[in-house]
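All chains are named by letter (A, B, ...) in the order of the sequence lines, taking the proteins before the strands, and each is independently numbered beginning at 1. Nothing here was measured: the structure is a model prediction, and the numbers come from that model.
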Amino acid sequence: MPSLTQSNIGGPPPVHPELPPGGGGGDGDGGRGSGGGSTRAASMTAIIVVMCASFMTFGAFLSAMVIRRGLSNDWHKFALPRILWYNTIVLILSSIAIEAARRMLKRGRRSYFTPLWTIATVLGTLFLIGQFTAWNQLAAQGVFLVGNPSSAFFHVMTWAHAAHVVGALLAVIYVEFLALKYELGTRGRTWVDASSLFWHFLDVLWLGIMALFVFWA
Amino acid sequence: MKLPLTHHRTVARLYFWLSLGSVILGVLLSLVMRFHLVYPSKAVGLFQLLWPRGAQGGVMTPELYLSLLTLHGTVMVFFVLTLAPMNAFGNLMLPRQLGAAHMAFPRLNLISFLITLVSFGLLLASVLTEDGGPLSGWTAYPPLSALGAIAGPGQGLGQTLWFFSIGVFCIGALLSSVNVVATVIEMRSPTMPLMAMPIASWNWFITAILSLLSFPVLLAAGMLILLDRLAGTSFFVPAGLMIADYKSPHMGGSPLLWQHLFWFFGHPEVYIAILPGMGIVTTVISAFSGRAIFGRRAMIFATIAIALLGMLVWGHHMFTSGLNPWSAIAFSILTLAIGVPSAVKTFNWLATLWLARGELRLTTPMLFAVGFVSIFVTGGLSGLFLGQPELDAYFHDTYFVVAHFHIIMGIAALFGIFAATFYWFPFLFGKVLNETLGKIHFYLTFVLAYATFLPMHFAGFAGTPRRYADFTSFDFLTPILPLQKGITHAAFALAAVQLLFIGNLIWTLWRGAAAAENPWQTNADNGEAY
Ligand code: HEM
Ligand SMILES: [Cu+2]
């Protein structure tokens, strides 16, 4: 097989020949040695794009909810269990902790990082446990997925949110491991920035869901 | 040199083979369907062999027909038109056009493909269930698709697997789009500003953004309908629905809700299928005209305008489903407005061809590119009819719509894929497809495609309904039965002609000589040539 170079068909692309090709690539594998900066930039762009896609998913749930409520008369509000408020506080605190950890690392105060990140991880886990408790309490009140569209949307949205939290938590725990092994290199720091950004996103998303069910649904 | 599995060209090849397998499956299904439509009561031994339950004695049941139709539509829309132009050729050329060594996330790229493969497996599983495949078409409208086995054979496990397949497909499409966007934004050569990016890359970029905005909505809708099916919620099923003696326990859902969510995805999806093809056609026309594309900036802005408007017109699929007439007017105006950027693009292609009229080189890829322009205009014109609620009241769910979308989405997008396959084959496999065979293939395909799909407009005028399994048993359709038979014959001929392409492909891969340096002899400085 001939070597398939740029110039094989129709000449070189309109890029400056002396400069190295752009970007370094993410995934953690291709990145090493080919300019960590670009890996990082690509990863941060990717996480922002993922956030947009998640946002669209929840936007779809929301518009489905608006239409479903408008089209029928079987909508019943139900009382939110109090634990949801505690969960909200826990999630906000974990966001603060994760942000503090990230900033400490950036300022070079590495020794503060691990404890703060650990607090965030624990609070994140606590949030998930709290969500399970909330679903159980609702079930005890007789509020299930099935039966009433309001509670159906509540379950769908909180499940979808929790699924996102599980994913983010896995990343956060991975960073925790890296931190404990003192292996927070360039790549690890990208993980720190990306996962904390996503964590804030989930925090804001949760506030939106809470507001929705407190004030409207 | 053996390339790693995560190399963008390897991933491109994987997508290419998956699409090729899918299109062969889709075409074979369509032949069976076309045969059944005009000879519904003829017993065929092969049918009995393939579907012992659905075609007892070799005569197909209407349900079997519908399940084949569903598989055909799903395979074509998702696994051919979405994957080949965007994932196969996007992966192949995007890093190269950007001056990047690889995609932003090579491993994620391979993972996206594997996820798509799982989705394909689930789709195949859905038709291999005991009851046969689902019946509700690629649009899967509830209540039929939401009620489970009571709604018909294949509506149980088969339909459930179908929704899982589509859900998994959404995830694969989303991940690969994340990759494309990150690659375009972060991996471009430092000397290439966005506006200097080749048009094809622009179109892959915009397509990825469209995917990111629309697939999440399909994913969400799919989750809701799966809950309706599996958990007993009522998002999409209205209260008091009776099927034979069975009263559905669902309360207060709305089938229209599904239509809104589905078409919010579905209309952008048709542009996901066509925009990469437009980029390919732009590249090829520019290359074989030996000049830069006319109105480069206008081309880019037209693509952006099409994408933006494309997000706002989903209601034109719902004119007849009790949409508020005021919103119908709004959707109609927005829909017709898409004609403007589409016309800009068409004008720029024609202007490029006109300006280069002495120097045009009608190679196979160029023929397919010019054919694309012709087909795109034909299909766009029927869109202008459908985009008006008063006319759509008649045309909706008739063969006029079938003609419209096969021409503009099926044939136009396929011509884009063919143009790319011939033009970039040296990059894909290091060889050049046979030109003579390619040209014969093009001319026959062009004529037979029109022969197959143009008469469908007339079937639509005559009121032939879409998704019926049999045209012979209705008095009002018997006068146009000869037309339908003609379409079936044309379709068989069209499929047969594709063997030329398959033969070309196999022969070139097996025996073809290695591609020379610059096999198309394109000139280097027209900016779009590679
Ligand atoms: C000026 C351009 C266009 C206009 C005004 C237009 C308008 C329409 C309308 C109003 C319908 C709904 C008809 C009905 O169901 O009663 C429709 C269906 C459809 N259009 Fe277009 N269209 C245009 C371009 C395109 C393009 C570029 C594509 C694809 C690449 C496309 C693909 C489809 C498909 C697949 C359907 C059928 C969907 C289904 O029901 O399964 N259209 N079009
Ligand atoms: Cu549409």
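- Heavy atoms of B:L175 lying under 4.5 Å from chain A are absent altogether.
- At a 4.5 Å heavy-atom cutoff, the contact between A:L145 and chain B is made by backbone and side-chain atoms alike.
- The choice from B:L174, B:L212, B:N179, B:T183 that makes the most heavy-atom pairs within less than 4.5 Å of chain A is B:L212.
- B:F215 does not touch chain A: none of its heavy atoms, backbone or side chain, sits under 4.5 Å away.
- Closest of all the heavy-atom pairs between B:M223 and A:F61 is SD-CZ, 4.2 Å.
- With chain B as partner, the option from A:T45, A:I48, A:V50 having the largest number of non-hydrogen pairs under 4.5 angstrom is A:T45.
- For chain A, the option among B:A231, B:S254, B:A239 with the highest count of heavy-atom pairs below 4.5 Å is B:A231.
- To the nearest 0.5 Å, atoms CE (A:M56) and CZ (B:F264) are separated by 4.0 Å.
- Here B:L213 is the residue among B:L219, B:L213, B:L227 with the most heavy-atom pairs under 4.5 Å with chain A.
- Shown here for A:R68 and B:M251, the closest heavy-atom pair between the two residues is NH2-O, 3.1 Å.
- Proximity of A:F55 to B:P216: side-chain heavy atoms (C-beta onward) are nowhere separated by under 4.5 Å.
- Residue contact with chain B, scored on non-hydrogen atoms closer than 4.5 Å, involves the backbone and the side chain of A:T57 alike.
- When heavy atoms are compared at a cutoff of 4.5 Å, B:L261 approaches chain A solely by way of its side chain, counted from C-beta outward.
- Closest non-hydrogen pair, B:G252 versus A:D74, comes out as CA-OD2, 3.8 Å.
- Heavy-atom distances place the side chain of B:L224, and not its backbone, under 4.5 Å from chain A.
- Looking at B:H260, only its side chain comes within 4.5 Å of chain A, counting heavy atoms on both sides.
- Residues B:E186 and A:A41 come closest through the heavy atom pair OE1-CB, 3.1 Å.
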